[in-house]
Structures are given as structure tokens and as C-alpha cells.
Amino acid sequence: MKLTKLQKKIYNLLIKIPEGKITNYKLLAKAIGKPKNWREIGKILNQNPFSEKYHCYKVVKSDGKIGGYKFGIKKKITLLKKDGIIIINNRVKNFSKILFRF
DNA sequence: GTCGTGACTAGCC
DNA sequence: CGGCTAGCCACGA
């Protein structure tokens, strides 16, 4: 299993997200020091080698929309709800409040 | 070495 | 609001 630098950083950050909080691609990109690399992040999360260990479902779009998920956004929503996050019309309620800034 | 592409973003109408 | 557009970078084929 070969991980790119970005992968390592991203996964490392993902596990830092506290329960009940979410983040978005842009913040994640900023956190790894490359604000314009959100594209890569989406790709990497899609590869998703550790989908069960890492909280990849806690990553949403910058406007609070769910974005995507390898197993379908339905699954993603279910997982988010388990964390106490409310989803309405494919959008996160209280988005700015539960948004976790690194 | 070159080309295509993505779980996106921001800006404009 | 919403839909459309251009821009962006690293990775894999």
C-alpha cells in the first residue's frame, strides 16, 4: 500500500475531527498547506483505502452540501446523523456551527 | 513526456 | 435561490 504525502496528511487530519463535527474540502486543503488541492482530497477520499477507520464522511462541500460518498450520499447522511448532525435536503443544518476548523 | 480527470470552489447571471 | 463556467493541482495511464 503506497500512500502519497497528501494521503498521509489528510488521513491524519481526518482522525482529528471530533465527534459531532464536520469539515469541508477547502479547510482540509488549507490544513495540509495547499489550499488549492481540494481536488486531490476528493480523489483521495474516493480511493478510500481505510473507509472504516477514518471519518471520511465528515467531509462536506464548502456550502454545506453533502458532496459525495463512495457508498452513496445516503449512507453518508446516515453516518452523519449518527453523530448528531442534522441533514435537510442534502444540506447540513447548522453547518457553520458544527464546522470544525483545524 | 503528455493527457485526462476528479467526493470541488468561487464568481457571475 | 439555482444553474452554468472556468480554474486548479497532483496522480495515474
Side-chain angles (χ1 to χ4, degrees):
Chain A
M1 183 104 240
K2 55 175 183 177
L3 295 177
T4 66
K5 314 169 193 174
L6 251 38
Q7 274 180 310
K8 274 191 180 178
K9 285 189 178 178
I10 292 168
Y11 295 137
N12 201 34
L13 286 169
L14 281 178
I15 60 180
K16 288 184 181 174
I17 304 175
E19 287 197 16
K21 297 245 177 184
I22 57 177
T23 188
N24 65 37
Y25 297 95
K26 201 183 173 184
L27 283 177
L28 217 42
K30 242 186 181 176
I32 64 175
K34 310 208 171 185
K36 294 179 180 174
N37 241 32
W38 23 257
R39 280 259 187 216
E40 198 64 11
I41 294 175
K43 244 194 208 169
I44 289 168
L45 293 187
N46 190 22
Q47 315 258 337
N48 214 356
F50 312 105
S51 56
E52 302 182 4
K53 291 194 172 184
Y54 295 96
H55 304 160
C56 42
Y57 63 89
K58 288 187 176 173
V59 186
V60 300
K61 287 207 196 179
S62 62
D63 58 358
K65 257 194 143 187
I66 301 301
Y69 193 56
K70 202 179 178 189
F71 307 109
I73 61 173
K74 261 194 172 179
K75 183 85 181 171
K76 190 167 180 177
I77 292 174
T78 305
L79 291 169
L80 287 170
K81 279 189 177 174
K82 271 190 181 178
D83 266 15
I85 296 165
I86 313 295
I87 312 294
I88 297 176
N89 292 338
N90 286 350
R91 271 173 209 259
V92 179
K93 198 185 175 186
N94 295 332
F95 174 58
S96 52
K97 287 189 181 176
I98 60 178
L99 183 62
F100 176 65
R101 295 153 205 265
F102 292 97

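A, B, ... follow the sequence lines: proteins, then strands. Residue 1 opens every chain.
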**Report entry** Footprint string (nucleotides 7-13 of chain B, 5' to 3'): B base within contact, S backbone only, - free, heavy atoms under 4.0 Å
**Finding:** BBSS---
Query raised in the report: Transitively linked via ILVMFWY side-chain contacts under 4.5 Å: A:I32 with A:I15?
Result: yes
Query raised in the report: Above 12 or not: heavy atoms from other molecules or residues under 6.0 Å from NZ of A:K21?
Result: yes
Query raised in the report: How do A:R91 and A:K36 order along DNA chain C: which one's closest nucleotide is nearer the 5' end?
Result: A:R91
Query raised in the report: Once you round it to whole Å, what is the distance between C1' of C:dG12 and CD of A:Q7?
Result: 12 Å
Report task. Mind calculating the distance between CG (A:L6) and P (C:dA10) to the nearest angstrom? Result -> 8 Å
Query raised in the report: Taking C-beta and beyond as the side chain, do A:L14 and A:K58 meet within less than 4.5 Å on heavy atoms?
Result: no
Requested in this report: To the nearest Å, give me how far apart NZ (A:K9) and P (C:dA10) are.
Outcome: 12 Å
**Report entry** pair A:T23-A:L13: side-chain heavy atoms closer than 4.5 Å
**Finding:** no
Query - A:Y69 side chain near A:I77 side chain, heavy-atom distance below 4.5 Å - result: no
Report summary line: The reported gap from CD1 in A:I44 to CG in A:L28 (rounded to nearest 0.5 angstrom) is 9.0 Å
Report task. Kindly express the pairing pattern of DNA chain C in dot-bracket notation, using | wherever a base pairs with another strand and counting only Watson-Crick or G-U pairs under 3.5 Å. Result -> .||||||.|||||
Report task. Rounded to the nearest angstrom, tell me the gap between atom CD1 in A:I10 and atom C1' in C:dA10. Result -> 11 Å
Query raised in the report: Is there side-chain contact between A:L27 and A:L99, with at least one heavy-atom pair below 4.5 Å?
Result: yes
Query raised in the report: Is it the case that one hydrophobic cluster holds both A:I22 and A:I86, taking links as side-chain heavy atoms less than 4.5 Å apart, direct or via other members?
Result: no
